[in-house]
Every structure is written in structure tokens, then in C-alpha cells.
> 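Structure provided below as C-alpha cells; questions to follow.
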Amino acid sequence: MEYMYAAAWLLAGLVIGAGIARWLTLKQFNRHKLQLELEESQTQLKQYRHDVSEHLETTNQLMTQLQDNYARIARHIADSKMQLVERPTESVRQDINYLSGDTAAYIRQSLNQIDEKRRIYSTAEQQPRDYSGEASGLIKERKATE
């Protein structure tokens, strides 16, 4: 009988020991699983920080390019304004000549001739005539009918 009690206690001890071992193993496995998840999260965070840093650097470069392009556009507009609106000096006109020298000279001569024709023929000594012979249109005076 004592062997039966000893065997029962041994069996009970083995079952309790197996239960505690299983519990500790699961606890250890959960710790290991949590450690792996932590390491994976840290790796993802480092990658995210790297991606954000790279994105910000690219954005900074693009903004710098945009500012440079804006400055170039502003200079181009200022130069165009000087060339087109404010009548540049003759030396600047020659620098900007897109036509051949003969063609540009011919166009300048033609423009001078047009200006001469306008001066000669544009002097009006009298008012233009109304050829209709009588008043017409909206401004026509109407006789009051009785």
C-alpha cells in the first residue's frame, strides 16, 4: 500500500510538475514572442523614420528647385519687361535680334517709312463729312407732331 501511495504521489507530482513546466514554457514562449514583436516594431519604426527623413530631404530639394525656378521666372519677366515695355536702348535691341541683320534693317526701314506716311497723311484739317445728307440714328432730332 505504501507503494501505491508513493506511486500516486509520484504520479501527482509528475502531473503537477508537467503543468508547471507547461505554464512556464508558455510564459517563456510569450516573452519570446513579445520580444520578437518589439524588435520588429523597432525595425519598422527605424524604417519609418528613415522614410520620413528621406521624404523631407526630397521635399527640401524640390522646394529649393522651385525657388530657383521662381527666381529665374522673375528675372525673365523683368528682362522681358525691359525689352518689350520700357523701350530698351539700341545696343540692347541688337543683342536681342532674332532675325538676320539684313532682315532687321529692312524691318526698321519699313517702320520708319510707315511712321513718315502717318505723319504726312494723318494731319486732318477739317472734320470728316457725313454723307447721308440728313440726321439718322439714335441722336436724330425728331419733330414734335401735333
Side-chain angles (χ1 to χ4, degrees), residues 1-132 135-142:
M1 234 350 153
E2 283 185 27
Y3 292 113
M4 294 214 41
Y5 286 123
W9 281 109
L10 180 63
L11 185 64
L14 286 175
V15 169
I16 291 172
I20 291 173
R22 175 79 174 155
W23 181 70
L24 288 175
T25 305
L26 286 176
K27 193 173 181 183
Q28 189 77 11
F29 179 72
N30 285 338
R31 279 188 195 157
H32 183 67
K33 186 178 175 183
L34 287 175
Q35 185 66 30
L36 289 176
E37 286 179 9
L38 176 64
E39 290 172 1
E40 182 180 342
S41 296
Q42 287 175 343
T43 305
Q44 288 177 352
L45 179 62
K46 285 179 184 178
Q47 182 63 36
Y48 176 75
R49 285 181 178 169
H50 176 72
D51 291 345
V52 168
S53 174
E54 191 173 288
H55 171 73
L56 291 176
E57 181 64 29
T58 304
T59 303
N60 186 24
Q61 290 173 356
L62 291 174
M63 288 299 293
T64 303
Q65 288 177 357
L66 183 64
Q67 289 172 343
D68 291 344
N69 289 339
Y70 178 76
R72 282 189 213 145
I73 290 171
R75 280 194 306 271
H76 175 72
I77 289 174
D79 292 344
S80 297
K81 180 182 173 190
M82 290 295 293
Q83 294 169 3
L84 301 174
V85 176
E86 297 180 358
R87 300 219 177 202
T89 63
E90 191 64 32
S91 64
V92 174
R93 275 193 197 157
Q94 290 173 356
D95 292 342
I96 303 171
N97 190 2
Y98 298 107
L99 305 172
S100 67
D102 297 337
T103 307
Y106 178 75
I107 290 173
R108 284 190 196 105
Q109 183 181 5
S110 298
L111 290 174
N112 290 336
Q113 288 174 357
I114 291 172
D115 288 343
E116 282 297 318
K117 289 178 184 176
R118 286 183 184 162
R119 280 190 220 121
I120 294 170
Y121 296 111
S122 67
T123 57
E125 296 175 3
Q126 57 181 321
Q127 292 289 328
R129 296 181 185 168
D130 185 11
Y131 293 103
S132 66
S136 63
L138 295 173
I139 306 176
K140 177 180 172 182
E141 290 183 21
R142 298 179 187 216

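Since this is a predicted model, take the numbers as computed values, not measurements.
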> To the nearest 0.5 angstrom, please state how far the CG atom of L26 sits from the NZ atom of K33.
11.0 Å
> By side chain to side chain donor-acceptor pair (under 3.5 Å), which residues pair with Q42, not counting sequence neighbours?
none
> Mind checking the CD1-CH2 spacing from I16 to W9? Nearest 0.5 Å is all I need.
8.0 Å
> Nearest 0.5 Å, what's the CD-CD distance between Q47 and E54?
8.5 Å
> Any side-chain to backbone donor/acceptor pair from S80 onto H76? Under 3.5 Å, distance only.
yes
> Report yes or no: do N69 and Q65 form a side-chain donor-acceptor pair below 3.5 Å?
no
> Roughly how far apart are D51 CG and T58 OG1, rounded to 0.5 Å?
10.5 Å
> In Å, rounded to the nearest 0.5 Å, how long is the span from CD of Q44 to CD of E37?
10.5 Å
> From L38 CG over to L45 CG, what is the distance, rounded to the nearest 0.5 angstrom?
10.5 Å
> Not counting sequence neighbours, which residues clear side chain to side chain contact (heavy atoms under 4.5 Å, CB included) with H32? List them please.
L36
